[in-house]
**Q** 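After the structure tokens below, expect a handful of questions from me.
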Amino acid sequence: MSSLPVLDITAKCLEELLAWHQVHHPQWSAQWQPLYELRDRLQQRAWHIVVLGQVSRGKSALLNALYGEAIFPVGAIHGTTQWPRTVRWHCQDQIVDLTDTPGLDEVAGNDRESMTWRAVETADLVLFVTQDSLTRVEDEARDRLDTLRIPYKLICTKADLYPPRSEGIAVSSTTGQGIPELRQLLQQWLQQEAPRARALRILHQASQVEQNLGAALGTQDTSAWPWLTAQMMGSLLLPGGFFDVVLAIISTLAYIRKACQAYAVPFPLPAFGGLSQFVLLWYAAIYLSSWQGLTFGSELWGVDTNVVLQGGVIFWGYQQIRRRLAPYLQQGYQWGQYGPQRLLQQLSQTRTRVTASG
């Protein structure tokens, strides 16, 4: 992993993706335009914390308690918050945008719920507010947060009215119970974990943009038949296994390069390790299949069984190459030095090493 801060590395990733697509995919700009929004979010000075939960769980009251002032409206009316509202909060030396959102289960509230999730999808951290136990709606929301890879803290409000739970942070906006501890926890998270969390979130989203672009380019012609036909004809005409392997090297490299050009991804792809190993073994199989001692029955069947065996090996190899190549092509530009998947793997390995070392 580079010694650069994680946010700087992520910025390099986005700049590289944008520069690549501006040159190679101008006609597909609708697919990669979200990268500009990700770059803008990465550069924001303020961290974004969004509160999420069902109606009347005390979301607005919780934010008021954190902020230290009744700045968000609260009331006994079902669904007081009808649209997301954001205020700037200075948490010691950190700048935070606190966003209150409508409840997840309002009557005829599909539009409000959509607004809520649009706000959540831009969050660095979600305060997931509940009470004594999770409902079906809350379970579904929690699963969605996990799917979107958005970090969250489970906050059990109204601790003065409900017994404590085994998980989550118990607070009471009425009595102030747990509010100082929650504020301290958020301060610690902002100082220690927020940059990594934002980088991971944006890298995952950039990776999804690349996959969507790869899917849009899925109609590109990557057929191996021209190269397969040339390989078959050359194997019939060339005198021995060595020349068959040379022809295979030339034809497969030409095929892979053509496929990369069709999807406008770099050639050779940095993540070709597994494919390269298979191709080398396949070359060896082509060479061995030309040995006379490996075949028998030519006189009995009236055919050159060497040709049949080698032809089968060549045909099978091209099918395998195309199958193994497809995941790289369809995921877009992911595997360069600053590719999203490459950086995500490196960040995951870094976290694993840190965890293992205590």
**Q** Quick check against the 3.5 Å criterion: does E138 have a side-chain atom that pairs as donor or acceptor with the backbone of T135?
**A**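 Between the backbone of T135 and the side chain of E138 there is a qualifying donor-acceptor contact (under 3.5 Å).
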**Q** What's the spacing between L14 CG and I202 CD1 if we round to 0.5 Å?
**A**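 Reported to 0.5 Å precision, the distance equals 6.5 Å.
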**Q** Can you classify the ring geometry of W20 versus H24 as parallel (below 30°), tilted (30 to 60°) or perpendicular (above 60°)?
**A**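 Ring orientation, 0 to 90° scale: parallel.
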**Q** Going through the distances and angles, do L203 and C13 end up as a side-chain contact (heavy atoms from CB on, under 4.5 Å)?
**A** CA-CA 8 Å; L203 286 172; C13 167; 3.8 Å; yes
**Q** I want to check something: taking the side chain as every heavy atom from C-beta on, are L62 and L182 in contact at a cut-off of under 4.5 Å?
**A**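 Side chain of L62 against side chain of L182, heavy atoms only: contact under 4.5 Å found.
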**Q** Grouping I, L, V, M, F, W and Y whenever their side-chain heavy atoms are under 4.5 Å apart, do F278 and Y255 come out in a common cluster?
**A**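 The answer is yes; both residues are in one hydrophobic cluster.
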**Q** Test side-chain contact (heavy atoms from CB on, under 4.5 Å) on T157 and Q131; report intermediate values, then the result.
**A** CA-CA 5 Å; T157 57; Q131 289 180 359; 4.0 Å; yes
**Q** Which value, rounded to the nearest 0.5 Å, describes the distance between L42 atom CG and E15 atom CD?
**A**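 CD of E15 is found 9.5 Å from CG of L42.
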**Q** Nearest 0.5 Å, please: how far is CD in E37 from CD in Q33?
**A**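 Result: 10.5 Å between the selected atoms.
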**Q** Do the side chain of S172 and the main chain of Q177 share a donor and acceptor less than 3.5 angstrom apart?
**A**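 Answer holds: no.
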**Q** How long is the gap from NE2 on H21 to CD on E210, to the nearest 0.5 Å?
**A**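 If we round to the nearest 0.5 Å, H21:NE2 and E210:CD are 3.5 Å apart.
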**Q** About how many Å separate CD of Q208 and CZ of R149, when rounded to the nearest 0.5 Å?
**A**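 Reported value, rounded in 0.5 Å steps: 10.0 Å.
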**Q** S251 and Y318: side-chain donor and acceptor closer than 3.5 Å?
**A**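 Looking only at side-chain atoms, Y318 and S251 do form a donor-acceptor pair, the distance falling under 3.5 Å.
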**Q** Is it the case that one hydrophobic cluster holds both L280 and L275, taking links as side-chain heavy atoms less than 4.5 Å apart, direct or via other members?
**A**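 Linked, L280 and L275 end up in one cluster.
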**Q** Does any part of the side chain of T130, heavy atoms only, come nearer than 4.5 Å to the side chain of I155, both counted from C-beta?
**A**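 A side-chain contact is absent here, since even the closest heavy-atom pair is not under 4.5 Å.
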**Q** Could you tell me whether R136 and E140 have a side-chain N and a carboxylate O separated by less than 4.0 Å?
**A**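 Salt bridge: yes.
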**Q** Can you hop from F315 to V245 via hydrophobic side chains spaced under 4.5 Å?
**A**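 Cluster IDs for F315 and V245 match.
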**Q** Pick from V96, L190, L186, V50: which one makes a side chain to side chain contact (heavy atoms under 4.5 Å, CB included) with L125?
**A**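 The side chain to side chain contact (heavy atoms under 4.5 Å, CB included) with L125 is passed solely by L186 among V96, L190, L186, V50.
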**Q** Any donor-acceptor pair under 3.5 Å linking the side-chain atoms of Q320 with those of W282?
**A**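 No donor-acceptor contact under 3.5 Å links the two side chains.
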**Q** How close do K59 and Q54 get, counting heavy atoms only, and between which atoms?
**A**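 That would be NZ-O, 2.9 Å.
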**Q** Below 4.5 Å, heavy atoms only, C-beta onward: do P340 and T10 meet side chain to side chain?
**A**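 No, their side chains stay 4.5 Å or more apart.
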**Q** Output the distance between atom CD (Q261) and atom CG (L329), rounded to the nearest 0.5 Å.
**A**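 Between Q261 CD and L329 CG, I get 11.5 Å after rounding to 0.5 Å.
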**Q** Of the non-hydrogen atoms in Q187 and C91, which two are nearest, and what is the gap between them?
**A**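 Minimum heavy-atom contact is CG-SG, 3.0 Å.
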**Q** Quick one: are L148 and R201 in side-chain contact, heavy atoms under 4.5 Å?
**A**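 Of all side-chain heavy-atom pairs linking R201 with L148, at least one is under 4.5 Å.
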**Q** Side chains of W117 and T101: does their closest heavy-atom pair fall under 4.5 Å?
**A**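 W117 vs T101: side chains apart.
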**Q** Does any part of the side chain of V120, heavy atoms only, come nearer than 4.5 Å to the side chain of I150, both counted from C-beta?
**A**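 A side-chain contact under 4.5 Å exists here.
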**Q** If you apply the rule side-chain contact (heavy atoms from CB on, under 4.5 Å), what do you find for W32 with Q22, and how did you get there?
**A** CA-CA 9 Å; W32 50 265; Q22 286 165 0; 3.7 Å; yes
**Q** Go through the steps to decide whether W47 and D97 satisfy the test side-chain contact (heavy atoms from CB on, under 4.5 Å), and finish with yes or no.
**A** CA-CA 6 Å; W47 305 105; D97 285 335; over 6 Å; no
**Q** Following the transitive rule for hydrophobic clusters with a side-chain heavy-atom cut-off under 4.5 Å over Ile, Leu, Val, Met, Phe, Trp and Tyr, establish whether I71 and L63 coincide in one cluster.
**A**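 Yes: a chain of side-chain contacts under 4.5 Å links I71 to L63.
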**Q** Cluster question for you: counting only ILVMFWY and a side-chain heavy-atom cut-off of under 4.5 Å, with indirect links fine, are L185 and L66 together?
**A**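 Shared cluster, yes.
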**Q** So Y338 and I9, do their side chains get closer than 4.5 Å, heavy atoms only?
**A**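 Yes, side chains in contact.
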**Q** Are any non-hydrogen side-chain atoms of R41 and D124 less than 4.5 angstrom apart?
**A**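 Heavy-atom side-chain distance check fails, nothing below 4.5 Å.
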**Q** Residues two or more places apart in sequence or in another chain: which of them pass side chain to side chain donor-acceptor pair (under 3.5 Å) with R118?
**A**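 R118 satisfies side chain to side chain donor-acceptor pair (under 3.5 Å) with no other residue.
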**Q** How close do L7 and P195 get, counting heavy atoms only, and between which atoms?
**A**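 So the minimum-distance heavy-atom pair works out to CD2-O, 3.4 Å.
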**Q** So does R323 have more than 12 non-hydrogen atoms from other groups sitting under 6.0 Å from CZ?
**A**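 Yes, the 6.0 Å shell around CZ holds more than 12 heavy atoms from other groups.
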**Q** Is the closest basic N to carboxylate O distance between E167 and R142 below 4.0 Å?
**A**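 R142 and E167: salt-bridged.
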**Q** Is it true that atom CD of Q184 has more than 12 heavy atoms of other residues, nucleotides or ligands lying nearer than 6.0 Å?
**A**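 No.
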